[in-house]
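Take a look at the structure set out below.
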Amino acid sequence: QVQLVESGGGLVRAGDSLRLSCVASGFTFDRMAMGWFRQAPGKEREFVSSLSWSGGNTYYADSVTGRFTISRDNAKNTLYLQMNSLKPEDTAVYYCAVSKYRIATTTLADFDDWGQGTQVTISS
């Protein structure tokens, strides 16, 4: 079955950087678009970033554009999210997800399977 295992979260200060990783198994990773979402306490899960099966097309939420970079290594079945210039409002549980499609989209409903999440906490 599909497994997505996130890592790389932690507690850092505003302005610092973190790199999240998501190791995927149980499906043909290099054929599917992937995405990152996040959920802060008391809020709905929201889109952060996605990229196509090849990594050639990417999307970012306005709130992270210019600070976050999504990438993938299809040889390692791994998705990444490089997060720079972190802000306290980036505090959330971050989830990796596999899309139903090869092309990148931004809609939560387009994503079939989810990891368990990794906590990111940014102190001011």
Side-chain angles (χ1 to χ4, degrees):
Q1 72 274 21
V2 173
Q3 282 196 316
L4 301 168
V5 180
E6 302 98 332
S7 62
L11 170 62
V12 298
R13 294 181 177 180
D16 285 350
S17 299
L18 281 174
R19 188 194 196 201
L20 305 184
S21 298
C22 171
V23 178
S25 62
F27 66 102
T28 308
F29 181 78
D30 62 2
R31 292 186 181 180
M32 308 310 295
M34 298 291 295
W36 287 99
F37 291 77
R38 67 186 182 187
Q39 188 166 17
K43 295 188 176 182
E44 294 186 351
R45 192 169 298 189
E46 65 175 6
F47 169 78
V48 174
S49 183
S50 63
L51 82 172
S52 61
W53 64 278
S54 65
N57 291 99
T58 58
Y59 290 104
Y60 296 94
D62 290 344
S63 59
V64 307
T65 297
R67 300 187 299 122
F68 290 12
T69 303
I70 191 171
S71 62
R72 66 192 297 163
D73 185 336
N74 285 345
K76 295 182 178 180
N77 281 14
T78 303
L79 177 72
Y80 303 100
L81 185 68
Q82 178 67 43
M83 307 187 295
N84 298 331
S85 302
L86 284 160
K87 305 176 181 180
E89 51 264 44
D90 293 320
T91 295
V93 177
Y94 282 70
Y95 297 91
C96 165
V98 57
S99 175
K100 302 175 184 179
Y101 311 113
R102 291 166 64 87
I103 60 171
T105 61
T106 63
T107 305
L108 189 147
D110 289 343
F111 292 80
D112 261 340
D113 293 282
W114 301 80
Q116 83 290 348
T118 185
Q119 177 70 49
V120 171
T121 304
I122 314 303
S123 64
S124 56

Inset, instruction - Report yes or no: does N74 contribute a side-chain atom to a donor-acceptor pair with the main-chain N or O of W53 at less than 3.5 Å? - result: yes
Inset, instruction - Find out whether V120 and R38 are in side-chain contact, i.e. whether some heavy atom of one side chain is under 4.5 Å from a heavy atom of the other. - result: no
Inset, instruction - Just jot down the side chain to side chain contact (heavy atoms under 4.5 Å, CB included) partners of S85, sequence neighbours excluded, or say none. - result: R67
Inset, instruction - Using modelled atom types only, decide if a donor and an acceptor are shared between the side chain of E6 and the backbone of G117 within a distance under 3.5 Å. - result: yes
Output a table of donor-acceptor pairs, distance under 3.5 Å, between side-chain atoms of residues 9-16 and any protein atom two or more places apart or on a different chain; print 'none' if there are none.
residue : atom : partner : partner atom : Å
D16     : OD2  : R13     : N            : 3.2

Inset, instruction - Any ring pair (Phe, Tyr, Trp, His ring centres under 6.0 Å) involving residues 6-44? Give me the pairs, sequence neighbours left out, ordered by first then second residue. - result: F37-F47, F37-F111, F37-W114
Inset, instruction - Kindly say whether L51 contributes a backbone atom to a donor-acceptor pair with the side chain of T58 at under 3.5 angstrom? - result: no
Inset, instruction - List in chain and number order the residues that pass side chain to side chain contact (heavy atoms under 4.5 Å, CB included) with S21, two or more places apart in sequence or in another chain; answer none if no residue qualifies. - result: S7, T78, Y80
Inset, instruction - For Q39, check side chain to side chain contact (heavy atoms under 4.5 Å, CB included) against everything at least two apart and list the hits. - result: R45, Y95
Inset, instruction - Give a yes or no answer on whether the side chain of T107 reaches the backbone of A109 with a donor-acceptor pair at less than 3.5 Å. - result: no
Legend entry - Partners meeting side chain to side chain contact (heavy atoms under 4.5 Å, CB included) with S54 (sequence neighbours left out): S52
Legend entry - Derivation and outcome, side chain to side chain contact (heavy atoms under 4.5 Å, CB included), residues L86 and F68: CA-CA 9 Å; L86 284 160; F68 290 12; 3.9 Å; yes
